[in-house]
Amino acid sequence: MELRAPRGMQDILPGQTARWEHVEGVLRDLARRYGYREIRTPVVEHTEVFQRGVGEGTDIVEKEMYTFLDRGGRSLSLRAEGTAPVMRAFLEHNLGAAGLPLRAYYICPIFRYDRPQAGRYRQHTQFGAEVIGSAGPAADAEVLGLAVRGLEALGLEGVELHLNSVGDAVCRPQYLAALREYFRPYLGELCDDCRRRFETAPLRLLDCKHEHDRRIAAGAPRMPAFLCDPCREHFDGVQEHLAAAGIAYRVDPGIVRGLDYYTRTAAEVFSGKIGAQNAMFGGGRYDGLAEQLGGRPTPGVGFGMGLERVLLVLEQTGIAVPGDPPPDLFIATAPAQNPEQARRLGARAHALADGLRRAGLSVHADVMPRSLTAQMRYANRLGARFVWILDAARLPLRDMGTKEEVALAASPADAEALERGDPSAVERLQRMVTARVRPGAPGKERG
RNA sequence: GUGGCCGUAGCUCAAGGGCAGAGCACCAGACUGUGGCUCUGGGGGUUGCGGGUUCAAGUCCCGUCGGCCACCCCA
């Protein structure tokens, strides 16, 4: 068998998980303060949720889904996107009954069968938030503000929201027609991709990367000029709310979004530090999604943030992310005089560790029978602040920073009482260790 | 799905037809029953995998898998 994670997927190893916990913790805490509660949906959905929600013509549905038949012959797909499942859950459980709007967030894996490259994986993690039930521009500004403030809370500076409106069912078709009319005379000189997209996705002609096409696109009509009155008003309102909240944004007609369900607001934030896949989050309004899924019309707005990319940006920016905290204490055992004593010392070390943990310390006791030197080396590598060396007489507690050592047993008799497991001796020594290692910690058990 | 570059020890990399190596890391020991520094010793490899050329293949050729980067598209 092949000892290798599937292509485009990666292990998050013990040395990395502290970074993730930090990022997730900051974002969860912020979302909670915004009044968003977590929602957890299954990692698979009926394939139709994505086909109807995200749209048949999109790349996600057309070629990037992990789709399979279960044993009952149902077509299921790994979660390819975050918003459609949340809306499915909203409709299924009639979450609007608890009062609108629903504010919800999620941190979950997303799967897309795509060719991996910098910042793009077949399994990635999104932090996302949705406001469902409100059509007003304040909702757009609030949820996008949450995303921007989230990046800032992680330490990023100069975050700028790129903002656009893609219109609605009234004005978007008119705009698309105007776009085609503009590009039609240039069809012969556009790149192959643009010629293909001329019919299928004319908005995409606006963000072609070919220099020649870009020059042509520069003269194309812009969506903001085609917005119908209600869309215009909404777009203005979103900007007004963002400005009032002090969220930096820039109107960018090139923000187009690939998914069918977007209406009106479309937004993204980019970073120049992570290669070609440079969007840290993308989001927008999806007033048509609920109907596409077969529910009653319900407006919504939200975003999805790629946490792998955010971690990459933090790394590239040199923003320190906390690592694992080292243990307070390592309990070592000194060489014993005979195997019987060695066994007793080992058992005592683990019993003491257990008691000290209940008193609030983080404690390592070795599970490898090895020399004191080797135990010290290991304790040093763990970064343990103190080492308590158990032997038959002195019980020295060593401060690994200062090399200072204090003997915790008042007499060999104490040490023997400890070795026997005499409850009062054990408790007295645990209080002494706790007081030394963590002066502020409670000396009594916490349970 | 397309293209470019690249796969040698846990990591970073040498060896470019002729004995598979170094540094770091790891393990043990010495210097004190006690870590970092230093010293000594040790374990580790079907050179991604499969085939071909050759007396001889990490080395040349083909295929395949994987990684990186870019396109497409997205987070």
Side-chain angles (χ1 to χ4, degrees), chain A residues 1-10 13 15 54 57-64 79-83 107-128 147 151 191-194 196-197 200-201 204 207-210 255-259 266-271 274-284 302-313 330 332-337 368 370-394 396-405:
Chain A
M1 75 170 281
E2 215 174 354
L3 250 35
R4 202 185 257 162
R7 184 166 197 200
M9 305 188 181
Q10 51 190 332
L13 301 173
V54 178
T58 61
D59 282 0
I60 290 180
V61 170
E62 224 166 56
K63 54 187 192 189
E64 295 176 2
R79 176 168 42 221
E81 185 269 342
T83 298
I107 295 178
C108 64
I110 304 279
F111 299 85
R112 288 185 203 158
Y113 190 90
D114 205 350
R115 186 99 172 243
Q117 72 180 79
R120 189 171 69 191
Y121 310 97
R122 288 185 171 179
Q123 174 179 346
H124 75 276
T125 311
Q126 280 191 22
F127 165 64
L151 293 175
C191 70
D192 291 348
D193 286 326
C194 283
R196 178 169 50 79
R197 287 179 297 204
T200 59
R204 293 242 149 262
D207 60 0
C208 178
K209 288 177 183 170
H210 290 95
I255 302 298
V256 155
R257 313 262 57 219
L259 314 187
E268 292 187 50
V269 164
F270 304 102
S271 169
I274 51 175
Q277 306 302 317
N278 59 358
M280 286 191 284
F281 77 76
F303 70 87
M305 180 184 292
L307 296 189
E308 282 79 3
R309 290 184 188 174
V310 170
L311 259 328
L312 272 177
V313 173
F330 183 95
T333 52
Q337 321 227 319
M368 307 260 289
R370 49 185 161 186
S371 71
L372 184 56
T373 300
Q375 293 178 70
M376 293 300 292
R377 250 203 296 272
Y378 183 60
N380 182 58
R381 212 174 51 155
L382 290 172
R385 293 167 49 229
F386 289 86
V387 173
W388 192 14
I389 301 166
L390 301 191
D391 71 359
R394 296 190 297 129
L397 180 68
R398 180 180 178 85
D399 184 319
M400 295 294 275
T402 65
K403 293 182 146 185
E404 184 191 15
E405 252 174 40

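Computed over heavy atoms, backbone and side chain alike; hydrogens, waters and symmetry mates excluded. To find a chain, count down the sequence lines: A is the first, B the second, and so on, and within it residues start at 1.
At a threshold of 4.5 Å between non-hydrogen side-chain atoms, the residues A:Arg4 and A:Met9 do not count as touching. A:Leu151 is listed as a side-chain neighbour of A:Phe281, based on a closest heavy-atom distance under 4.5 Å. Residues A:Glu404 and A:Arg398 have side chains not in contact (no heavy-atom distance under 4.5 Å, counting atoms from C-beta outward).
Of the possible polar contacts, none joining the A:Arg309 side chain to the A:Met280 backbone as a donor-acceptor pair under 3.5 Å is found. Looking at A:Arg385, its side chain never comes within 3.5 Å of a backbone N or O of A:Gly401 through a donor-acceptor pair. Between the side chain of A:Arg122 and the backbone N or O of A:Tyr113, no donor-acceptor pair lies under 3.5 Å. The backbone N or O of A:Thr125 sits less than 3.5 Å from a side-chain atom of A:Glu308, completing a donor-acceptor pair. The main-chain N or O of A:Ile60 is never found under 3.5 Å from a side-chain atom of A:Arg112 such that the two would form a donor-acceptor pair. Checked by atom type and distance alone, the side chain of A:Glu64 never pairs as donor or acceptor with a backbone atom of A:Ala80 at under 3.5 Å.
Atoms OH and CZ, from A:Tyr378 and A:Phe330 in turn, are 7.0 Å apart once rounded to the nearest 0.5 Å.
For the pair A:Lys63 NZ and B:C73 C1', the computed distance is 6 Å after rounding to whole Å. Computed from coordinates, the A:Arg112 CZ to B:C73 P distance equals 14 Å when rounded to whole Å. Taking atom CG of A:Leu311 as the reference point, atom C1' of B:A75 lies 13 Å away to the nearest angstrom. For the pair A:Gln117 CD and B:C68 C1', the computed distance is 10 Å after rounding to whole Å. Distance CZ (A:Phe386) to P (B:G36): 19 Å, rounded to an integer number of Å. The OH-C1' distance, from A:Tyr121 to B:G66, rounds to 16 Å in whole Å. Rounded to an integer number of Å, the gap from CE of A:Met368 to C1' of B:A28 is 12 Å. Here the P atom of nucleotide B:C74 and the CD atom of A:Glu81 are 12 Å apart, to the nearest Å.
Consecutive pairing runs in RNA chain B reach the stem threshold at B:1-7 with B:65-71, B:10-13 with B:21-24, B:26-30 with B:38-42, B:48-52 with B:60-64, where a stem means at least three Watson-Crick or G-U wobble pairs with distances under 3.5 Å.
Of the P atoms belonging to B:U2 and B:C72, the separation is 16 Å, rounded to the nearest Å. Nucleotides B:C74 and B:G58 are separated by 46 Å at their P atoms, to the nearest Å. The C1' atoms of B:C31 and B:G67 are separated by 45 Å, rounded to the nearest whole Å. The gap from the P atom of B:G4 to that of B:U64 amounts to 13 Å, rounded to the nearest Å. B:G51 sits 14 Å from B:U59 when the P atoms are compared, rounded to a whole Å. Across the C1' atoms, B:G21 and B:C65 are found 27 Å apart, a figure rounded to whole Å. B:G10 and B:G43 have their C1' atoms separated by 13 Å, with the value rounded to a whole Å. Nucleotides B:G16 and B:C61 place their P atoms 16 Å apart, quoted to the nearest Å.
Of the candidate nucleotides B:C73, B:G29, B:C68, B:G29 has the atom lying nearest to any side-chain atom of A:Ser371. Of the listed nucleotides (B:A75, B:G67, B:G1), B:A75 has the atom at the smallest distance from the side chain of A:Arg309. For A:Ala374, the listed nucleotide lying nearest its side chain is B:A28; candidates were B:G66, B:A28, B:C72. Of all nucleotides listed (B:C72, B:G4, B:G29), B:G4 comes nearest to the side chain of A:Arg115.
Among the heavy atoms of the strands lying under 4.0 Å from A:Arg398 is at least one base atom, whether or not backbone atoms are also near. At the heavy-atom level, A:Ala118 lies under 4.0 Å from the strands shown only through sugar-phosphate atoms. Using a 4.0 Å heavy-atom criterion, one finds that A:Glu405 contacts the bases of the nucleic acid, with or without backbone contacts as well. Among the protein residues, A:Gly275 comes within range of the sugar-phosphate backbone only, with heavy atoms under 4.0 Å from sugar or phosphate atoms but none that close to a base. Contact annotation for A:Gly8: backbone-only contact, meaning every heavy-atom pair under 4.0 Å involves sugar-phosphate atoms and none involves a base.
Residue-to-nucleotide proximity on RNA chain B shows that, of A:Tyr113 and A:Ile60, the 5′-proximal contact is made by A:Tyr113. Of the two residues contacting RNA chain B, namely A:Met280 and A:Tyr378, the nearest-nucleotide position lying further toward the 5' end is that of A:Tyr378.
Look at B:G16: its glycosidic torsion is within 90° of 0, and that puts it in the syn range. In B:G58 the O4'-C1'-N dihedral to the base is within 90° of 0, which defines a syn nucleotide.
For B:G35, one of the phosphate oxygens OP1 or OP2 lies less than 4.0 angstrom from a side-chain nitrogen or oxygen of A:Thr373. Applying the 4.0 Å criterion to OP1 and OP2 of B:C74, one finds that A:Gln277 has every side-chain N and O outside that range. Listed pair A:Arg120 / B:A75 fails the phosphate criterion, with no side-chain N or O lying under 4.0 Å from OP1 or OP2.
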